[in-house]
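The figures that follow rest on heavy atoms only: side chains count, while hydrogens, waters and symmetry mates do not. The sequence lines fix the lettering, A, B, ..., with proteins before strands; numbering per chain opens at 1.
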2 protein chains.
Amino acid sequence: MVTTDGENAIIRSDCHTRRGLELIADQWTMLVIVALHRDTKRFSQLHAQIEGISKKMLTQALRGLERNGLVKRVVYPVVPPKVEYSLTPLGLTLIEPIQALRAWSEQHIEQAEQARVVYDQQDRKSLQDDIIALIQQRANGSLESQGR
Amino acid sequence: MVTTDGENAIIRSDCHTRRGLELIADQWTMLVIVALHRDTKRFSQLHAQIEGISKKMLTQALRGLERNGLVKRVVYPVVPPKVEYSLTPLGLTLIEPIQALRAWSEQHIEQAEQARVVYDQQDRKSLQDDIIALIQQRANGSLESQGR
DNA sequence: CCGTATCCAAGGGGATACTG
DNA sequence: CAGTATCCCCTTGGATACGG
């Protein structure tokens, strides 16, 4: 009996994939990398460019990227302060896989969101059904107690 | 004056990329997709295969994937219950970009983690320096108050 | 300008027990 | 087996104020 098995291997918590995901698998980190694609940027530029990110979250994402050698941080000792962020050579290697994700989003996100609409409609529908069934039950209950 | 500008465009909260990231950019979802790569799997199989995931988190990830049309859920009305999960055609299209991330991890994760060790060492070092400086300050302080 | 420090409300997520 | 429900702690993340 031949078991290729590769598909059923345990995805260990210390496998390369998971350690990789720990670095970038959140809502902000990949966006910061996208924003730094090609250009060096200042903190305030990034903050303005990524809609909705707070300073706290931006700082957090940048620190994580810097810590893992994906982003370089350069402080200019001037007043007012000036700090520039850029991708390191290692950080640049992430552009390709992230672009793949962006391309997927361009092509497929609408289909996924349409599926979601259908799913949520079904959800609401069965919720309604449940409520109707519940009302039926209660109605029967009061009829019974009236009957006795 | 020519401004290509493409690099400085605002990353809007409703752009395709961000809507795509909302679907999969967390610690578990992509792993579930990886686990379902090729094979249909039962809930318990997935739970066993993805080390460290709780039933709650697995359920949550699967519901999200199902909701967005990336995973198909089939319930067999038998005792004991049996539920099978598999990637939809749409879900299958995600394999490629995710494989790109896995490949990146294989190639680069060690370099990133080495950078992290260096970064953390520097952190500890400057913390030590700060403590030393603090002790110096206090020592000077007590000398001054003694002097008077 | 580029953050850090602090406070605080909201929710994430584990442990456990329970159901069909 | 495949979840759901509940409790509860602890983290997350926004708002605000402050510091270099």
Side-chain angles (χ1 to χ4, degrees), chain A residues 13 18 21-22 24-32 35-36 40-67 71-86 119 123 126-127 129-130 133-134 137, chain B residues 13 18 21-32 35-36 39-67 71-86 119 122-123 126-127 129-131 133-134 137:
Chain A
S13 53
R18 288 175 71 164
L21 289 178
E22 279 174 19
I24 55 164
D26 66 272
Q27 291 301 319
W28 297 118
T29 300
M30 294 204 243
L31 293 177
V32 172
L36 289 175
T40 286
K41 294 269 172 65
R42 298 183 59 171
F43 183 87
S44 50
Q45 285 182 287
L46 291 169
H47 188 243
Q49 192 178 356
I50 304 173
E51 188 184 42
I53 195 171
S54 65
K55 289 196 296 178
K56 190 175 177 177
M57 288 301 97
L58 179 55
T59 300
Q60 200 172 93
L62 285 169
R63 285 295 168 281
L65 288 167
E66 187 195 1
R67 186 161 107 101
V71 157
K72 185 175 59 158
R73 177 172 182 266
V74 179
V75 182
Y76 295 87
V78 296
V79 264
K82 176 176 168 181
V83 181
E84 282 188 347
Y85 294 90
S86 56
Y119 184 93
D123 249 26
S126 51
L127 179 60
D129 291 349
D130 288 351
L134 189 64
Q137 274 184 18
Chain B
S13 54
R18 287 175 74 162
L21 289 178
E22 278 173 21
L23 306 187
I24 55 165
D26 67 272
Q27 290 303 317
W28 297 119
T29 300
M30 293 204 243
L31 293 176
V32 172
L36 289 175
D39 297 354
T40 285
K41 294 269 172 64
R42 299 183 58 171
F43 183 87
S44 50
Q45 285 181 288
L46 290 170
H47 188 242
Q49 191 179 356
I50 303 173
E51 188 184 43
I53 195 171
S54 65
K55 289 198 294 181
K56 190 175 177 177
M57 288 302 95
L58 178 55
T59 300
Q60 198 171 94
L62 286 167
R63 286 293 169 282
L65 288 167
E66 187 196 0
R67 186 160 105 104
V71 156
K72 184 175 59 160
R73 177 172 182 263
V74 179
V75 183
Y76 296 87
V78 297
V79 263
K82 176 176 168 181
V83 181
E84 282 187 347
Y85 294 91
S86 56
Y119 185 93
Q122 289 174 342
D123 251 25
S126 49
L127 180 61
D129 291 350
D130 288 351
I131 292 170
L134 189 63
Q137 275 184 17

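Rounded to whole Å, the distance from CG on A:Leu62 to C1' on C:dC1 is 15 Å. In this structure, the CD atom of A:Gln45 is 13 Å from the P atom of C:dG3, given to the nearest Å. Between the CG atom of B:Leu58 and the C1' atom of C:dA15 there is a distance of 17 Å, rounded to whole Å. Atom-to-atom, CG of A:Leu46 to P of C:dG3 comes out at 10 Å; the value is rounded to the nearest Å. As rounded to whole Å, 13 Å separates atom C1' of D:dG13 from atom CG of A:Asp26. Regarding A:Glu66, its CD atom lies at a distance of 9 Å from the P atom of C:dG3, rounded to whole Å. Here D:dT11 presents its C1' atom at 11 Å from CD of A:Gln60, a figure rounded to the nearest Å. Whole-Å rounding puts the A:Gln27 CD to D:dT11 P distance at 21 Å.
The residue B:Pro80 sits close only to the backbone: its heavy atoms come under 4.0 Å of sugar-phosphate atoms, none of a base.
The distance from atom CD of A:Gln27 to atom CD1 of A:Ile53, rounded to the nearest 0.5 Å, is 11.0 Å.
A:Gln45 places a side-chain N or O within 3.5 Å of a backbone atom of A:Arg42 that can act as its donor or acceptor partner.
In this model, a donor atom of one side chain and an acceptor atom of the other lie less than 3.5 Å apart for B:Arg73 and B:Tyr85. Side-chain N/O atoms of B:Ser13 and A:Glu51 include a donor and acceptor closer than 3.5 Å.
Applying the 4.0 Å criterion to OP1 and OP2 of C:dG3, one finds that A:Tyr85 has a side-chain N or O inside that range. Look at B:Arg63 and you'll find a side-chain N or O under 4.0 angstrom from OP1 or OP2 of D:dT4. A sub-4.0 Å separation between OP1 or OP2 of D:dA2 and a side-chain N or O of B:Arg42 is present. The phosphate of D:dC1 (OP1 or OP2) has no side-chain N or O of B:Ser44 nearer than 4.0 angstrom.
Both cation-pi conditions hold for B:Lys82 and B:Tyr76: the charged atom is under 6.0 angstrom from the six-membered ring centre and inside a 45 degree cone around its axis.
Of the two residues contacting DNA chain C, namely B:Lys55 and A:Val75, the nearest-nucleotide position lying further toward the 5' end is that of A:Val75. Mapped onto DNA chain C by nearest heavy atom, B:Ile53 and A:Lys56 fall at different nucleotides, with A:Lys56 at the one closer to the 5' end. Residue B:Phe43 is the one, among A:Pro81 and B:Phe43, whose nearest nucleotide of DNA chain D lies closer to the 5' end (criterion: closest heavy atom).
The side chain of B:Met57 sits closest to C:dG13 out of D:dA2, C:dG13, C:dC1.
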